[in-house]
Q: 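First the structure, which I've put down as structure tokens, then a few questions once you've had a look.
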Protein chains: 2
Amino acid sequence: MKNKHNTTLKDIANHLDLSISTISRALHDHPAIKQETRELVKATAKRLDYYPDTTARNLQKRSTNTIGVIVPEIRHFFFSSAIDGIEDIAYQAGYTIFVAKSNEDYGREVLNTRSLVSNRVAGLIVSVAQTTKNGDHLTALKRRNIPVVLFDRVLDDVEACKVVVDDYKGAYDSTTHLIESGYKKIAHLAGPSHLKISMERLKGYRAALRDAGYKFKEELVVHVELDELHGTTGTKKLLALPQVPDAIFAVNDPVAIGAHKEISSRGMKIPDEIAISGFSNNPSTEIVNPPLTTVDQHGYKMGQVAAQLLIEQIEQGAISQHPRTEVVIGELIIRGSSRKS
Amino acid sequence: MKNKHNTTLKDIANHLDLSISTISRALHDHPAIKQETRELVKATAKRLDYYPDTTARNLQKRSTNTIGVIVPEIRHFFFSSAIDGIEDIAYQAGYTIFVAKSNEDYGREVLNTRSLVSNRVAGLIVSVAQTTKNGDHLTALKRRNIPVVLFDRVLDDVEACKVVVDDYKGAYDSTTHLIESGYKKIAHLAGPSHLKISMERLKGYRAALRDAGYKFKEELVVHVELDELHGTTGTKKLLALPQVPDAIFAVNDPVAIGAHKEISSRGMKIPDEIAISGFSNNPSTEIVNPPLTTVDQHGYKMGQVAAQLLIEQIEQGAISQHPRTEVVIGELIIRGSSRKS
DNA sequence: TATAAATTTACAAACGATTGCACTTTATTT
DNA sequence: AAATAAAGTGCAATCGTTTGTAAATTTATA
């Protein structure tokens, strides 16, 4: 009853009184094997419920059809969208994906990398943890000829293909939109200074102000962590200012939603008394009332592009000498939170 | 410069003029190898940047430390939460996860299963596609001694461990809550009849009505697909009824949000004119105004439980003879959409 | 010092698949 | 009918590890 072991080429060979190599070739439609034999072999393989052993094949080929993905978090909409995009492209190209999460922890990210390398992944797609300052664990992969593609959370000093959203432009567009909508005192709930995306968005904000002839005011920028809770606390600070702002550009959607809640709870009218805009186009932004103006970060698309970039390198068996950086243009999505009615 | 090949045990052996087996044993702290040698070997391994080849080890052990996960969708909050939970438990136990998505397509689900079996996963965690009626591809794994755990979208005729939310109870509680809040004409936006979760929730709804002495009315039940769009169209039908309902229990959150939007857009007051409740506790439910009463489905927790159930079976090397079904009790979360102020 | 016991290390055979090369058959040509 | 070409198969090595068993070395014992 218990059929302890998986059917192997050898089993088929024994059944048919043929050699293992003939079986292998027959299953691969090798021209040296005559049609009749091929069919016989295939039929028998099916009958014996043969599933090729990928682990054995991998060993012999010294390569796998496996892509490793490391993200800080899986449930966040942006990351799960990206994984979704990666999976689609990988699936089409015949790759399977390992998904690991760093939990925003550098140590775990390094461990994940080790484990995936040991599993001999053909390539790695990574969005680094907030606590990751050092990219040596990724740079080291070049020696092993394992291509790496970074997305969204990238590291400047790692030479690898990258997929990023144009944070600067997204922030610039968003801020400009607020300016053009007639808002005068535009505040910015910025992210932590050590994160590149925060700084880029801050730069975009400043540039937009400058280009419109607005004066940049230090007190209108409050740095917060990237979650909703800090969005509300940051907003409280802004609302306590002697000169209360009439618009807030938030570094991301959770922060914007925190602001939204705080403002709504005080009975202030959005967007009439104060406008809000976010960044990412999380599903929640459509749901709030009024819905939130934001910049679509195209997580799914970014995942797809990252996977393509990686698979290209895998298939040509070489890591890009001059790594490309694909910039996905974030699309400004104007909704009720910034559109005076 | 190009260090084409990965360091192997052989390389270390050559370096130290020891045999491969000694190296292998030294790295595993085998007692037969003397301390001094062990340390020397480990130091050299590190120096040569040795990463054990998991593919080779897997082949030789005829097993892997890999778990396959198949879900219909990755980006959906519930599924990405579940994957997150699975990853955490798997990581702690030293397993790596393959993530594949069926895209709600039976064929792709079968292909994913094949591929994961070929990759010799130690076990499989699956939430089946909507189009999956037949579980043969999963049942067949028993012969290969590959344990399977189904979660959320389970198949009755597959004998395997399962993790489900108590749909019946969740629906019952939710409906009862609406009754107790004083609503009289409680409608139900139900899911497709071929889905088990739909039917269970419908049953819970009916039972709650019955137990409260309410009469069940066929016309108050509208079957819809599980997304927001169908939530609004379903709601339109309900609102066109001669006797407009004063409460809607929706089969899941997207549908509830569709209803929420439709009702709000007509200027009707929630919850005063009409109450709404959903199912899943998606992030969006907290964001709408008023926030949505719902049943928390604990996706993260379900993932954890599923992974535990699977790893148990893997480690004891045997598939549960009498498969357990873990029922996660959905927690009714009462929010503004059903709480008359 | 010889011998037994204990310690340390090496040999070699797996695991399942792939593939270059050699060897049979059978078919073709002269 | 013999020689040659073509077609179909099989042999055996290989991938990097693990591990049972044998061998070699050291240490302890008599």
Side-chain angles (χ1 to χ4, degrees), chain A residues 3-42 44-45 48-66 115 117-122 144-145, chain B residues 3-42 44-45 48-66 115 117-122 144-145:
Chain A
N3 183 8
K4 270 227 135 1
H5 98 126
N6 282 304
T7 305
T8 69
L9 291 185
K10 194 174 179 180
D11 296 326
I12 306 180
N14 290 155
H15 258 259
L16 296 179
D17 213 14
L18 286 171
S19 78
I20 294 179
S21 38
T22 301
I23 307 299
S24 172
R25 291 204 245 268
L27 290 174
H28 289 92
D29 282 319
H30 191 288
I33 308 297
K34 75 168 159 236
Q35 192 58 34
E36 196 190 324
T37 312
R38 282 193 221 172
E39 277 161 17
L40 180 62
V41 169
K42 285 183 187 169
T44 315
L48 298 182
D49 208 22
Y50 171 76
Y51 278 38
D53 187 326
T54 308
T55 63
R57 163 188 274 158
N58 287 344
L59 174 59
Q60 130 74 35
K61 306 211 101 152
R62 274 165 304 285
S63 73
T64 65
N65 279 277
T66 299
S115 148
V117 170
S118 265
N119 274 290
R120 297 296 185 253
V121 289
R144 312 185 105 95
N145 207 35
Chain B
N3 183 10
K4 270 226 130 17
H5 96 127
N6 282 303
T7 305
T8 68
L9 291 183
K10 194 173 180 182
D11 296 326
I12 306 180
N14 289 155
H15 258 259
L16 295 179
D17 212 16
L18 286 171
S19 78
I20 293 178
S21 40
T22 302
I23 308 298
S24 172
R25 290 191 170 108
L27 290 173
H28 289 93
D29 282 319
H30 192 287
I33 309 296
K34 75 167 161 239
Q35 192 58 31
E36 198 190 323
T37 312
R38 284 191 218 170
E39 278 161 15
L40 180 63
V41 169
K42 285 182 188 169
T44 314
L48 298 182
D49 208 22
Y50 170 76
Y51 278 38
D53 187 326
T54 308
T55 64
R57 165 189 266 152
N58 287 344
L59 174 59
Q60 130 75 36
K61 306 211 101 149
R62 275 166 302 288
S63 73
T64 65
N65 279 274
T66 299
S115 147
V117 170
S118 265
N119 274 290
R120 298 296 185 253
V121 290
R144 312 184 104 96
N145 208 37

Q: Calculate, to the nearest 0.5 Å, the distance between atoms CG and CG belonging to B:Asn58 and A:Leu59 respectively.
A: 10.0 Å
Q: Please state how far atom CG in B:Asn14 lies from atom C1' in D:dG16, giving the value in whole angstrom units.
A: 13 Å
Q: Taking only side-chain nitrogens and oxygens of A:Arg62, does any of them come within less than 4.0 Å of OP1 or OP2 of D:dC15?
A: no
Q: Starting from C1' on C:dG16, measure out to CG on A:Leu48 and report it in whole angstrom.
A: 16 Å
Q: Just how far, in rounded Å, is C1' of D:dT17 from CG of B:Asp53?
A: 8 Å
Q: Taking atom P of D:dT9 as reference, at what distance in whole Å does atom CG of A:Leu40 sit?
A: 10 Å
Q: Over how many whole Å does the gap from A:Lys10 atom NZ to D:dA12 atom P extend?
A: 14 Å
Q: If only atom types and distance count, is the side chain of B:His30 paired as donor or acceptor with the main-chain N or O of B:Ala32 below 3.5 Å?
A: yes
Q: Nearest 0.5 Å, what's the CG-CD1 distance between A:Leu48 and A:Ile12?
A: 6.0 Å
Q: What's the separation between atom CG in B:Leu16 and atom CG in B:Leu40, rounded to the nearest 0.5 Å?
A: 5.0 Å
Q: Hey, which sits more toward the 5' end of DNA chain C by its nearest nucleotide, A:Ala56 or A:Lys61?
A: A:Ala56
Q: Go along nucleotides 6-13 of chain C 5' to 3' and tag each nucleotide: B for a protein heavy atom under 4.0 Å from its base, S when only backbone or sugar atoms are that close, - otherwise.
A: --BBBB--
Q: When you measure from the side chain of A:Asp11 to the backbone N and O of A:Thr8, does any donor-acceptor pair fall under 3.5 Å?
A: yes
Q: Could I get the full list of side-chain contact (heavy atoms from CB on, under 4.5 Å) partners for B:Ser19, not counting sequence neighbours?
A: B:Ser21, B:Thr22
Q: Respond yes when some side-chain nitrogen or oxygen of A:Tyr51 is under 4.0 Å from OP1 or OP2 of C:dA17, and no when none is.
A: no
Q: Counting heavy atoms from C-beta on, name the nucleotide in C:dA17, D:dT17, C:dG16 closest to the side chain of A:Arg57.
A: C:dA17
Q: Between P on D:dT14 and CG on B:Asn6, what's the gap in Å once rounded to a whole number?
A: 20 Å
Q: For B:His28 and D:dG16, what is the distance between atoms NE2 and P respectively, to the nearest whole Å?
A: 16 Å
Q: Which residue pairs pass the salt bridge (Lys or Arg N to Asp or Glu O under 4.0 Å) test with at least one member in residues 24-33 of chain A, sequence neighbours excluded?
A: A:Asp29-A:Arg38, A:Asp29-A:Lys42
